Protein chains: 2
Amino acid sequence: MLAEELGLHVSTVSRVLHAKPDESHRAASKATVERVRRLADELGYRPNPHATSLRTQRSNLVGVLVPRLSDIVLATIYEGIEESAGEHGLSTFVTNTRDVPEVQRARTDMVLARRVDGIIFGDAYADAEFLREVAARGVPFVLVSRHAGDYPSVTCDDYLGGRMVGEHLLGLGHRDVAVVAGEPYASTGIDRTAGFADAYAEAGIEIPGHRILHSRFDARGGHETTARILADGEPPSAIFAVNDFAAIGAFGAVRDYGLRVGADIAVAGFNDTPLAAELPVPLTTVRSPMHEMGRRGIDLLARLLQGEQVRSERLRPELVVRASTDPRA
Amino acid sequence: MLAEELGLHVSTVSRVLHAKPDESHRAASKATVERVRRLADELGYRPNPHATSLRTQRSNLVGVLVPRLSDIVLATIYEGIEESAGEHGLSTFVTNTRDVPEVQRARTDMVLARRVDGIIFGDAYADAEFLREVAARGVPFVLVSRHAGDYPSVTCDDYLGGRMVGEHLLGLGHRDVAVVAGEPYASTGIDRTAGFADAYAEAGIEIPGHRILHSRFDARGGHETTARILADGEPPSAIFAVNDFAAIGAFGAVRDYGLRVGADIAVAGFNDTPLAAELPVPLTTVRSPMHEMGRRGIDLLARLLQGEQVRSERLRPELVVRASTDPRA
DNA sequence: AGCAACAACCCAAACGTTTGGGACAAACGT
DNA sequence: ACGTTTGTCCCAAACGTTTGGGTTGTTGCT
């Protein structure tokens, strides 16, 4: 600590710098406080966080694990996390796990080795197996985007979102529909699919198993899976892809099959990413509060780190109808 | 260091754990080395990085500043960075600056306060003003994606890429063209535009000023700017948007204007993001090695941190022709 | 036998904080 | 006049490493 160029003891300076404005007088005389403060920001003094962490056993660091940042959904969630983290005095550490269990493990070990105070998982597997291990190690964590077990999480109400899409398509008269369902281990895809299927079931229509196919979450995955659907007998009249990127991939497959999105076959997505509205055929989708999920996720973790008891949050989605399901829109 | 449950002095253990395999015998006896190693990974021992950093004055941390991670281009570059950082024993710290100078400053201070060893800027302003300040403070840094001044950088050869698009459109007979040029402070947009314009100039065609408009880099920005172009008299026969997202926005604007991309008006983008190929009208674009840029960026920084002299790198782009400029493709 | 060389360790300082506990003087109460 | 309080500050330990420099005891050489 260079700030004892003023002939003061480090401890005094430390106290001055840490005192809340209303109790600074307890640390030192008014004059001294002033002197310290002035010099501190004259020199642009910043306490060495390594020293602080070492002493306090708290790093104010949180690790954030996501499948991939190049997925705009997770990237946006992370923006929310980062934004709000600052307000809590926390810094974040993101890392990509590609949804690969070994990588998740390795990255978790990595952030733990960096002595983070807690972790935000954006890549939870629905079986929660790995999370149980983490919990057993006593590491505080929260989930965002996906939920698992009953670990604290902030998610979109995906079931409701799926249901909205189902009701929308039902209302348009679509009876033969297919689902590009995403990865089987992600609660997002699972719930969206379930909500969608339940809406149909309640209308007396069971969606047959061969109409519900798992897929990767990216455009390529959506393309391949949709191609398989289209290759399988009579094409459905509508396709629900559980996220926008998969839906865009579906666009590609539909196009390759010689059909027109909107006119010949309805396609709906999920998330309302900024692209959805710009596509040549604008995409019907469900707006999920991605940014907000991130913010609330870190808020939740912050409270957890304070020792508070926390409850999961489920945010409300909103259906956005565009021309990909309704050419008149 | 808990590892002296074996009755050894910490320093001995430290030496054992740091010795390269071929010189471990200099640290302790074979038996001791073995004992230490075994206990260490039995306990899952990881040195406390804060203590290490404090002692060595090196954090093995690098700060990464990007405009926004929700831009898939930067997110992909960051994936490359993270991937390669691990191989250098470095950890990274990303943060969004939204291309706002005050935020860039604040985030730079933030990462510096965290005692990073160096910085990677993905958000350099072409005027390099801020970078000069950073350099003056003696902070090692490299640039990725954009270049500025002659600070070490890893970029795509954007000028060449722009030129490729220009020659391509010229070859198709387009003489009245417009450019959605991106932000005026980003070398990417500047160079791509310059390359494009030069290609036309060499063919004896000066692109008039009102045909080159700055824009934000996202879909919305591309949409707005394209709409202004279309509203301004006779529409051009082709539009070059300096990145894919802006191009997708251009798609939206063209659609709203009642024209068809590919058939009525050609549109080209830049970056070849995974979406480009999936669009209902597949997008002609220039493939830029985003992942590779990230990898090389951190490699460059790593070498800089070793004290080596480094040279900027300029990676080769590749034109990918699709139906948005050539319906026969 | 005497001395150097080496193997196998240990010592202690230092990195920059935070924090419980003083120390010292001035002001106060009676 | 003397104990007590209060205001202002200092002391020192501790956090977990790394690293230059010991200290032993054994082996090798002559």
Side-chain angles (χ1 to χ4, degrees), chain A residues 1-41 43-61 89-91 111-117, chain B residues 1-41 43-61 89-91 111-117:
Chain A
M1 190 141 147
L2 287 174
E4 338 70 56
E5 308 298 340
L6 336 110
L8 281 177
H9 194 264
V10 290
S11 63
T12 308
V13 175
S14 173
R15 280 183 237 268
V16 168
L17 262 19
H18 280 82
K20 307 219 159 45
D22 51 320
E23 51 180 28
S24 66
H25 59 290
R26 299 184 40 72
S29 70
K30 236 177 163 45
T32 306
V33 168
E34 182 55 22
R35 234 156 38 97
V36 172
R37 292 245 172 83
R38 183 183 313 289
L39 188 68
D41 58 41
L43 265 46
Y45 168 79
R46 301 308 202 97
N48 184 316
H50 300 117
T52 303
S53 300
L54 192 55
R55 173 61 230 244
T56 62
Q57 304 289 64
R58 209 184 186 280
S59 61
N60 291 313
L61 242 48
L90 298 171
S91 294
V111 298
L112 253 18
R114 279 275 170 196
R115 301 304 197 267
V116 296
D117 292 335
Chain B
M1 191 136 140
L2 286 174
E4 343 61 60
E5 308 297 341
L6 338 109
L8 283 178
H9 194 263
V10 290
S11 63
T12 308
V13 175
S14 172
R15 279 183 237 267
V16 168
L17 261 20
H18 280 83
K20 308 220 162 42
D22 51 320
E23 51 181 28
S24 65
H25 59 291
R26 300 183 41 72
S29 71
K30 233 174 166 48
T32 306
V33 168
E34 182 54 22
R35 233 155 39 98
V36 172
R37 291 244 173 86
R38 183 184 313 287
L39 188 67
D41 59 40
L43 266 46
Y45 168 80
R46 301 305 203 101
N48 184 315
H50 300 118
T52 303
S53 301
L54 191 56
R55 172 61 229 247
T56 61
Q57 305 289 66
R58 208 182 186 282
S59 61
N60 291 312
L61 243 52
L90 299 171
S91 294
V111 298
L112 254 18
R114 277 276 170 194
R115 302 304 196 268
V116 296
D117 292 333

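Heavy atoms only: backbone and side chains are in, while hydrogens, waters and symmetry mates are out. Just so it is clear, the model here is predicted, and its values are computed rather than measured.
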Length of the [atom1]-[atom2] vector between [X] and [N], whole Å:
{"X": "Asn48(B)", "N": "dG16(D)", "atom1": "CG", "atom2": "P", "value": "7 Å"}
{"X": "His18(A)", "N": "dT17(C)", "atom1": "NE2", "atom2": "P", "value": "9 Å"}
{"X": "Arg35(B)", "N": "dA8(C)", "atom1": "CZ", "atom2": "C1'", "value": "12 Å"}
{"X": "His50(B)", "N": "dC15(D)", "atom1": "NE2", "atom2": "P", "value": "16 Å"}
{"X": "Leu8(B)", "N": "dA8(C)", "atom1": "CG", "atom2": "P", "value": "13 Å"}
{"X": "Gln57(B)", "N": "dT17(C)", "atom1": "CD", "atom2": "P", "value": "10 Å"}
{"X": "Leu17(B)", "N": "dT17(D)", "atom1": "CG", "atom2": "P", "value": "9 Å"}

Pairing of Arg38(A) and Glu34(A) as salt bridge, 4.0 angstrom limit
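Judged by the 4.0 Å cut-off on N to carboxylate O distance, Arg38(A) and Glu34(A) do form a salt bridge.
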
Using OP1 and OP2 only, check whether a side-chain N or O of Tyr45(A) sits under 4.0 Å from dG16(C).
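No, no such contact exists.
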
Please list, chain by chain and in numerical order, all residues satisfying side chain to side chain contact (heavy atoms under 4.5 Å, CB included) with Arg115(A), sequence neighbours excluded.
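By the side chain to side chain contact (heavy atoms under 4.5 Å, CB included) rule, Arg115(A) matches Arg46(B), Asn48(B), Pro49(B), His50(B).
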
Considering heavy-atom distances to DNA chain C, does Thr56(A) or Thr56(B) have its closest nucleotide positioned more toward the 5' end?
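In this pair, the answer is Thr56(B).
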
Do any N or O atoms of the protein come closer than 3.5 Å to N or O atoms of nucleotides 22-24 of chain C, and which pairs are they?
none

Those residues that, when tested against [X], pass side chain to side chain donor-acceptor pair (under 3.5 Å) (two or more places apart):
{"X": "Asn60(B)", "value": "Arg58(B)"}
{"X": "Thr52(A)", "value": "none"}
{"X": "Gln57(B)", "value": "none"}

Where is the tightest heavy-atom contact between [X] and [Y], given as atom of each residue plus distance?
{"X": "Ala40(A)", "Y": "Leu17(A)", "value": "CB-CD1, 4.4 Å"}
{"X": "Leu54(B)", "Y": "Ala51(A)", "value": "CD1-CB, 3.8 Å"}
{"X": "Ser59(B)", "Y": "Ser53(B)", "value": "CA-OG, 3.5 Å"}

Side-chain contact, heavy-atom cut-off 4.5 Å: Arg35(B) with Val16(B)?
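Arg35(B) does not reach Val16(B) side chain to side chain.
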
Now, which nucleotide makes the Watson-Crick or G-U wobble pair with dT30(C), with each of the two distances under 3.5 Å?
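Per the H-bond distance test, dA1(D).
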
Nearest to the side chain of Thr52(A), which nucleotide is it out of dC9(C), dT17(C), dC9(D)?
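So the side chain of Thr52(A) is nearest to dT17(C).
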
Under 4.0 Å between any heavy atoms, over every strand shown, what does Thr32(A) touch: base, sugar-phosphate, or nothing? Just pick one.
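Thr32(A): backbone/sugar contact only, no base atoms under 4.0 Å.
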
Polar atoms only, N or O, under 3.5 Å: list the protein pairs with nucleotides 11-13 of chain C and their distances.
from: dC11(C); atom 1: N4; to: Ser11(B); atom 2: OG; distance (Å): 3.0

